[in-house]
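One-based numbering, in listed order, for ligands and for the atoms of each.
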Amino acid sequence: MGAPSRLMPTSPRLFRASVARSERISESFQRVTLTGPELSGFQWIGFDHWFRLFIPLTAGQGLVLPTVKGRSWWRSYLAIPKASRPHCANYTVADFRPAGDQSELDIDVVLHRDAAGQLAGRVAIWAVGVEPGWPAGLLDQGIMFDRPDGADSVHLVSDATGLPALRGITASLPSSVRGTAILEVPTPDDSVSLRVPAGLAISWVHPAPGQAPGAAALAWLEGAPPADPEAYGFAVGVSALAAGARRIWRRQGLPKSRITFVGYWKP
Ligand SMILES: Cc1cc2nc3c(=O)[nH]c(=O)nc-3n(C[C@H](O)[C@H](O)[C@H](O)COP(=O)(O)OP(=O)(O)OC[C@H]3O[C@@H](n4cnc5c(N)ncnc54)[C@H](O)[C@@H]3O)c2cc1C
């Protein structure tokens, strides 16, 4: 997957935080709010600002975090004994409210289920069961959205996992930018209101029962007017959606340099 690293901080900072609250915000999303004095130093840059989330493996366990040197942290993470090594997954800053020691950072977690209808995914299970005071860590990873200078037209595509990223991007774009955003979310209840430039049209699509993840958004993109070759395309979500959107845009003449596509998860 194309995961540009050039917008990643060269010395990403690791923050220790704790859970302030967790609440269901729609049919498929749980919002976990983190707080703590260290977050007073967090610099939110908007767009798709993302981070590595570290959570203890079991309830009540302390949080052991890796040592970060420059951009290196993985070896130190693997060196933590398995019994105390935290779970790590990638998430987007859904919102950040600076307020000194009371600063708050929201994470909007997609609640996905297995074939038997049971909640699946370690972070989703953590998000619905987490209690105030539980520890979490986050390693700042910067942004991947990389609109070239002069690209006044953008095309955005994602599934539910990319909704926080697309919400951050549309709210961060200058008002002169025009384009389209296609968002595939499980149900109409997940279609939240977004702050978007006036010239950016949003299409919410919902998968039909049994349809593969990302297929409804891809079908919508196929049927949309072709992208202008001077535009910028940004596609995230299930890997088939990110790669499929890139294929469509390439066929329509959008150069590789004007596309960012990142598989956020695989079935
Ligand atoms: C840069 C970046 C930003 C991201 N931001 C967000 C975000 O803000 N909110 C968010 O919810 N996700 C986000 N994701 C996606 C998230 O990292 C993945 O969904 C990840 O698998 C969740 O971690 P986990 O440890 O709970 O999953 P695991 O426990 O590793 O997953 C267990 C199983 O669940 C399946 N699975 C994972 N996600 C989904 C899903 N959405 N639907 C159906 N099945 C799934 C996997 O295939 C796997 O088999 C982001 C990913 C990236 C790369």
Side-chain angles (χ1 to χ4, degrees), residues 1-9 12 22-34 44-58 77 85-96 105-130 136-146 156-171 183-187 190 192 194 206-207 210-217 234-243 260-267:
M1 279 291 119
S5 61
R6 59 191 177 281
L7 305 179
M8 192 182 281
S22 175
E23 56 194 331
R24 189 71 167 264
I25 53 166
S26 75
E27 180 81 22
S28 316
F29 279 95
Q30 185 83 11
R31 175 166 295 162
V32 180
T33 300
L34 301 180
W44 188 34
I45 41 182
F47 294 96
D48 58 320
H49 196 163
W50 66 288
F51 57 89
R52 312 270 184 188
L53 172 70
F54 298 95
I55 53 174
L57 275 181
T58 54
Y77 172 73
R85 189 183 305 155
H87 180 62
C88 175
N90 304 320
Y91 279 84
T92 304
V93 181
D95 197 8
F96 180 69
L105 184 149
D106 291 337
I107 314 170
D108 288 355
V109 178
V110 175
L111 301 179
H112 52 98
R113 297 179 187 279
D114 61 19
Q118 295 300 310
L119 192 61
R122 287 200 173 158
V123 177
I125 292 167
W126 169 82
V128 296
V130 79
L138 46 106
L139 179 62
D140 186 359
Q141 298 289 280
I143 63 173
M144 295 197 252
F145 187 82
D146 190 18
L156 314 171
V157 178
S158 89
D159 67 7
T161 58
L163 172 53
L166 261 57
R167 194 173 49 216
I169 290 166
T170 60
L183 276 142
E184 178 181 312
V185 290
T187 72
D190 301 312
V192 293
L194 305 182
H206 311 294
Q211 197 172 17
F234 181 88
V236 297
V238 63
S239 52
L241 174 58
T260 300
F261 72 112
V262 187
Y264 274 13
W265 66 280
K266 278 188 184 158

Location of contacts on W50 toward ligand 1, heavy atoms closer than 4.0 Å: side chain
Contact (N/O only, under 3.5 Å) between V123 and ligand 1: yes
Once the angle between the rings of F145 and F47 is folded into 0 to 90°, is it parallel (under 30°), tilted (30 to 60°) or perpendicular (over 60°)? parallel
Minimum heavy-atom distance between L241 and A217, given as atom pair plus value: CD1-CB, 3.8 Å
Counting distance only, does the side-chain N/O of D48 pair as donor-acceptor with the main-chain N or O of M144 below 3.5 Å? yes
Could you state the interatomic distance from CZ (F96) to CG (L34), rounded to the nearest 0.5 Å? 10.5 Å
Would you mind checking which non-hydrogen protein atom is closest to atom 51 (C) of ligand 1, with the distance to 0.1 Å? Y264 CG, 3.3 Å
Ligand 1 atoms nearer than 4.0 angstrom to some heavy atom of A89 are 23 (O), 25 (O)
Within a distance under 4.0 Å of any heavy atom of V109, pick out the atoms of ligand 1 and give their elements. 11 (O)
Main-chain N/O of A216 paired to E184 side chain as donor or acceptor, under 3.5 Å: yes
Where ligand 1 meets P164 - atom numbers and elements under 4.0 angstrom, heavy-atom basis: 8 (O)
Nearest to atom 3 (C) of ligand 1 by heavy atom, I55, I143, D108, T92: which? T92
Can you tell which of W126, W265, Y91 gets a heavy atom nearest to atom 12 (N) of ligand 1? Y91
Short N/O distance, under 3.5 Å, between V110 and ligand 1? yes
Below 30° counts as parallel, above 60° as perpendicular, anything between as tilted: where do the rings of Y91 and F51 land? tilted
Rounding to 0.5 Å, atoms CG (L156) and CD1 (I169) come to a distance of 6.0 Å
Going by distance only, is there an N or O of R122 that falls short of 3.5 Å from an N or O of ligand 1? yes
One finds that the ligand 1 atoms under 4.0 Å from a non-hydrogen atom of H87 are 24 (P), 25 (O)
Atom 48 (C) of ligand 1 sits nearest the protein heavy atom K266 O, 4.5 Å
Hey, does P267 have a side-chain heavy atom less than 4.5 Å from the side chain of V238? yes
Could you tell me whether the side chain of R24 and the main chain of E27 form a donor-acceptor pair under 3.5 Å? yes
Given that the side chain starts at C-beta and the backbone is N, CA, C, O, which of these parts of I107 lies under 4.0 Å from ligand 1, counting heavy atoms, or is it both or neither? neither
Filtering H112, M144, R167 for the heavy atom nearest atom 45 (C) of ligand 1 leaves H112
Counting heavy atoms only, name the option from D114, V262, I125, T161 that's nearest to atom 13 (C) of ligand 1. T161
About how many Å separate CG of D108 and CD1 of I25, when rounded to the nearest 0.5 Å? 4.0 Å
Under 4.5 Å between any side-chain heavy atoms of W265 and N90, yes or no? no
Decide whether D190 and S26 meet the rule of one side-chain donor and one side-chain acceptor closer than 3.5 Å. yes
Show the atoms of ligand 1 that are less than 4.0 angstrom away from any heavy atom in P267. 47 (O)
Who's the nearest protein heavy-atom neighbour of atom 50 (C) of ligand 1, and how far? N90 O, 3.2 Å
Is it true that Q141 lies under 4.0 Å from ligand 1, counting heavy atoms only? no
Within the 4.0 Å heavy-atom cut-off, what A120 brings close to ligand 1 is neither
Which residue and heavy atom of the protein sit nearest atom 31 (O) of ligand 1, plus the separation: G121 CA, 4.0 Å
